[in-house]
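All remarks here apply to the structure that follows.
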Amino acid sequence: MPTIPGVANTPPSSVKLASQEAINAEIALIAGGYERGSQPESHPRLDYLPYRSSAKRCPTNDLYRTDPELIERTAPVFGQQDVGPFDSDLTVQHLGAPIGERIVVTGRVLDTDGRPIAGQLVEVWQANAAGRYIHVRDQHQAPLDPNFTGFGRCLTGADGSYSFTTVKPGPYPWRNHHNAWRPAHIHFSIFGRAFSQRLITQMYFPGDPLFDYDPIFQSVLDRRSRERIVATYDHEVSSHEEHTGYRWDIVVGETPMVNR
Amino acid sequence: MIETPGQTIGPFFGFALPYAGDSQLVPPGHPDAVQFSGLVLDGDGVAVPDALIEIWQPDAEGSVAARAGSLRRDGFTFTGWGRAATDNSGRYSFSTLRPGGEAPFIAVTVFARGLLHRLFTRAYLPGYPPDGLLSSLPENRRRTLVALEEGASLTFDIKLQGADETVFLRFDNSSD
Ligand SMILES: [Fe+2]
């Protein structure tokens with residue numbers, strides 16, 4: 001295990017921020033050690049030190065495999081009473097229209113066999129077009145937008161489809177290392193047909209120049225899995241004089257079976 | 001199809017995911033209400049104030065509820081699902097019913113800044129014969145999955161890392 005500066009047993013406040021070059025070198029070292037085997041790593045490494053906050057928050061024991069019990073083979077149910085009619089349009093939640101590039105993000109929630117996850121809850125949250133969250137702890141000096149909260153919800157249709165109208169979020173700085181910037185992203189919270197399919201992830205925009213510099217994006221070591229969290233521009237989703245369009249399908253984990 | 005990888009919930013979910021009544025599966029005044037609560041701690045034993053805990057459980061008879069209404073609770077329907085963000089002291093708290101069943105447990109999902117992918121665990125009620133999972137674990141690990149019960153409160157601390165790290169689970173179909 002190589003020594004990585006800034007993650008010894010010192011509290012974060014006393015840690016000198018690593019340079020982007022140092023983070024890139026750590027990312028490259030871990031990526032170089034990853035070989036795509038018969039069981040590719042489909043999720044991020046929990047223990048991924050280029051993302052500094054993971055150092056004290058990742059379990060050190062391997063996840064313990066167990067057969068799911070009945071409750072874990074089922075998922076919570078959401079219905080029309082849980083979601084309001086305007087919850088999926090993030091541009092109409094205030095008196096005026098938010099500033100930014102109007103977009104629609106749409107796609108389907110599927111299982112690994114390609115079957116749609118129907119009638120299930122999807123939640124999204126994001127920064128505004130300037131890269132600022134409405135969250136009180138976001139101290140980025142970019143402006144808040146009085147016409148944008150950045151939270152939405154919907155239920156998937158019978159074909160597993162969801163759709164959100166919003167503005168494209170801006171990239172924003174964070175304190176993982178010196179001059180750290182997150183690529184623009186929308187946070188997604190997804191429920192499947194089973195408790196074990198619960199997923200929270202982030203959707204990125206194609207061709208973002210910040211991908212190579214971002215340890216959260218790079219924590220997914222498998223290239224094909226990493227491609228799964230990048231949306232595609234879809235001109236069919238764009239609408240005349242209304243908005244541009246992105247398509248992003250979400251695939252939840254395998255449907256659990258009982259082995260015993 | 002290739003699964004969509006998880007990504008951290010990050011620090012800024014607080015304005016979005018929590019909602020009124022999120023952690024009250026039953027009103028705290030319900031005659032059978034229990035408080036299910038605990039601390040989320042990191043590898044140094046420091047509280048994690050930016051975690052989000054979700055629970056999913058059967059009702060008192062051991063049946064899976066499968067009823068909508070968790071996001072707009074009507075005060076009468078037990079949906080079996082709830083969500084609670086940790087406070088500044090790293091504590092989460094739910095008002096719920098004791099789950100029924102032969103080895104009853106509350107299924108728990110953990111999200112946090114610094115956690116790149118969600119974690120699953122189980123909070124078992126004490127005093128029941130151990131099931132397959134509990135029996136397969138050595139004593140020092142088994143006890144991380146059993147809540148402490150005192151009157152109408154169930155306490156279940158979640159230790160993300162360290163000597164008494166909580167057992168976190170995977171349910172994939174591989175049989176190793
Ligand atoms: Fe974010």
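In this structure, the side chains of B/Leu116 and A/Arg45 stay at 4.5 Å or more apart for every pair of heavy atoms. Side-chain contact between B/His117 and A/Leu199: present, with at least one pair of heavy atoms (C-beta onward) separated by less than 4.5 Å. Side-chain contact check for B/Glu102 versus A/Glu69: every heavy-atom pair is 4.5 Å or farther apart. Looking at A/Ile190 and B/Thr4, their side chains never come closer than 4.5 Å, going by heavy atoms from C-beta outward.
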- Message: Between A/Arg198 and B/Phe120, does the side-chain contact (heavy atoms from CB on, under 4.5 Å) criterion hold? Intermediate values first, please.
- Response: CA-CA 9 Å; A/Arg198 182 80 177 95; B/Phe120 296 128; 4.2 Å; yes
- Does the side-chain contact (heavy atoms from CB on, under 4.5 Å) test come out yes or no for B/Leu137 and A/Tyr64, once each step is laid out? CA-CA 10 Å; B/Leu137 290 165; A/Tyr64 192 87; 3.6 Å; yes
- Report the C-alpha distance between A/Thr66 and B/Arg122 in whole Å, list the side-chain angles of each, state the deciding distance to 0.1 Å, and finish with yes or no for side-chain contact (heavy atoms from CB on, under 4.5 Å). CA-CA 11 Å; A/Thr66 194; B/Arg122 292 178 182 173; 3.8 Å; yes
- Step by step, would you call B/Phe105 with A/Glu72 a side-chain contact (heavy atoms from CB on, under 4.5 Å)? CA-CA 11 Å; B/Phe105 65 84; A/Glu72 290 153 340; 3.4 Å; yes
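In terms of heavy atoms, A/Gly79 sits closest to B/Ala68 at N-CB, 3.4 Å. What you find for A/Val220 and B/Gly6 is that their closest heavy atoms are CG2-O, 4.3 Å. B/Phe171 and A/Ser196 get closest at one heavy-atom pair: CD1-CB, 3.6 Å.
Remark: side-chain polar atoms of B/Glu165 are paired, donor with acceptor, to backbone N or O of A/Thr60 under 3.5 angstrom. A donor-acceptor pair under 3.5 Å is absent between the side-chain atoms of B/Glu3 and the main chain of A/Val251, judged by distance alone. The main-chain N or O of B/Leu160 is never found under 3.5 Å from a side-chain atom of A/Arg57 such that the two would form a donor-acceptor pair.
Interface remark: of the candidates B/Leu119, B/Asp42, B/Leu169, B/Leu169 forms the most heavy-atom pairs closer than 4.5 Å to chain A. Put simply, of B/Arg118, B/Arg67, B/Arg113, B/Lys159, the one with the most heavy-atom pairs under 4.5 Å next to chain A is B/Arg113. In terms of heavy-atom pairs under 4.5 Å with chain B, the best-connected choice from A/Asn176, A/Ile71, A/Leu70 is A/Ile71. Your options are A/His187, A/Arg226, A/Gln80, and the one with the most heavy-atom pairs under 4.5 Å with chain B is A/His187. Taking A/Trp174, A/Tyr48, A/Phe151 one by one and counting their heavy-atom pairs under 4.5 Å with chain B, the maximum is reached by A/Phe151. In terms of heavy-atom pairs under 4.5 angstrom with chain B, the leader among A/Pro40, A/Pro59, A/Ser54, A/Gly152 is A/Pro59. With chain B as the partner, the residue from A/Thr112, A/Val77, A/Leu110, A/Leu121 showing the most heavy-atom pairs under 4.5 Å is A/Val77. Of the listed residues (B/Ser70, B/Gly69, B/Ala66, B/Gly43), the one with the most heavy-atom contacts under 4.5 Å to chain A is B/Gly69. Interface check for chain B: of the options A/Thr149, A/Asp113, A/Thr201, the most heavy-atom pairs under 4.5 Å are formed by A/Thr201. When the candidates B/Val167, B/Val40, B/Thr109, B/Val46 are compared by the number of heavy-atom contacts under 4.5 Å with chain A, B/Thr109 comes out ahead.
Within the 4.5 angstrom heavy-atom criterion, no atom of A/Ala194 approaches chain B. Contact of A/Tyr133 with chain B is made through the side chain alone, with heavy-atom distances under 4.5 Å. Residue contact with chain A, scored on non-hydrogen atoms closer than 4.5 Å, involves the backbone and the side chain of B/Ser136 alike. Using a 4.5 Å cut-off between heavy atoms, B/Glu54 touches chain A through its side chain atoms alone. A/Ser219 touches chain B through its side chain: at least one heavy atom from C-beta onward sits under 4.5 Å away, while N, CA, C and O do not. Only the side chain of B/Arg141 comes within contact range of chain A, with at least one heavy atom under 4.5 Å from a heavy atom of that chain. The contact between A/Thr255 and chain B is made entirely by backbone atoms, counting heavy-atom distances below 4.5 Å. Neither the backbone nor the side chain of B/Val110 comes within contact range of chain A; no heavy atoms are under 4.5 Å apart. Both the backbone and the side chain of A/Phe195 come within contact range of chain B, judged by heavy atoms closer than 4.5 Å. If you measure heavy-atom distances from A/Ser189 to chain B, the contacts under 4.5 Å come from the side chain alone. Within the 4.5 angstrom heavy-atom criterion, only backbone atoms of A/Asp111 (N, CA, C, O) approach chain B. For A/His43, the parts lying near chain B are the backbone and the side chain together; criterion is any non-hydrogen pair under 4.5 Å. For A/Asp222, no part lies under 4.5 angstrom from a heavy atom of chain B. There is no contact between B/Leu41 and chain A, counting heavy-atom distances below 4.5 Å. Residue A/Gln202 touches chain B through both its backbone and its side chain, counting heavy-atom pairs closer than 4.5 Å. Interface remark: A/Arg153 contributes side-chain atoms only to the contact with chain B (heavy atom separation under 4.5 Å).
Identified by a heavy-atom distance below 4.5 Å to chain A, the contributing residues of residues 76-94 of chain B are B/Trp81, B/Arg83, in residue-number order. Heavy-atom neighbours of chain A within the stretch residues 7-26 of chain B, taken at a separation under 4.5 angstrom, comprise B/Gln7, B/Thr8, B/Ile9, B/Pro11, B/Phe12, B/Phe13, B/Gly14, B/Phe15, B/Ala16, B/Leu17, B/Tyr19.
Other residues, nucleotides and ligands place no more than 12 heavy atoms under 6.0 Å from the CZ atom of A/Phe86. Residue B/Asn140 qualifies as enclosed at atom CG: its count of foreign heavy atoms under 6.0 Å is above 12.
The distance from atom OG of A/Ser42 to atom CD1 of B/Ile2, rounded to the nearest 0.5 Å, is 9.0 Å. For the atom pair A/Asp82 CG and B/Arg72 CZ, the distance stands at 7.0 Å (nearest 0.5 Å). Note: B/Leu71 CG to A/Glu123 CD = 6.5 Å, rounded to the nearest 0.5 Å.
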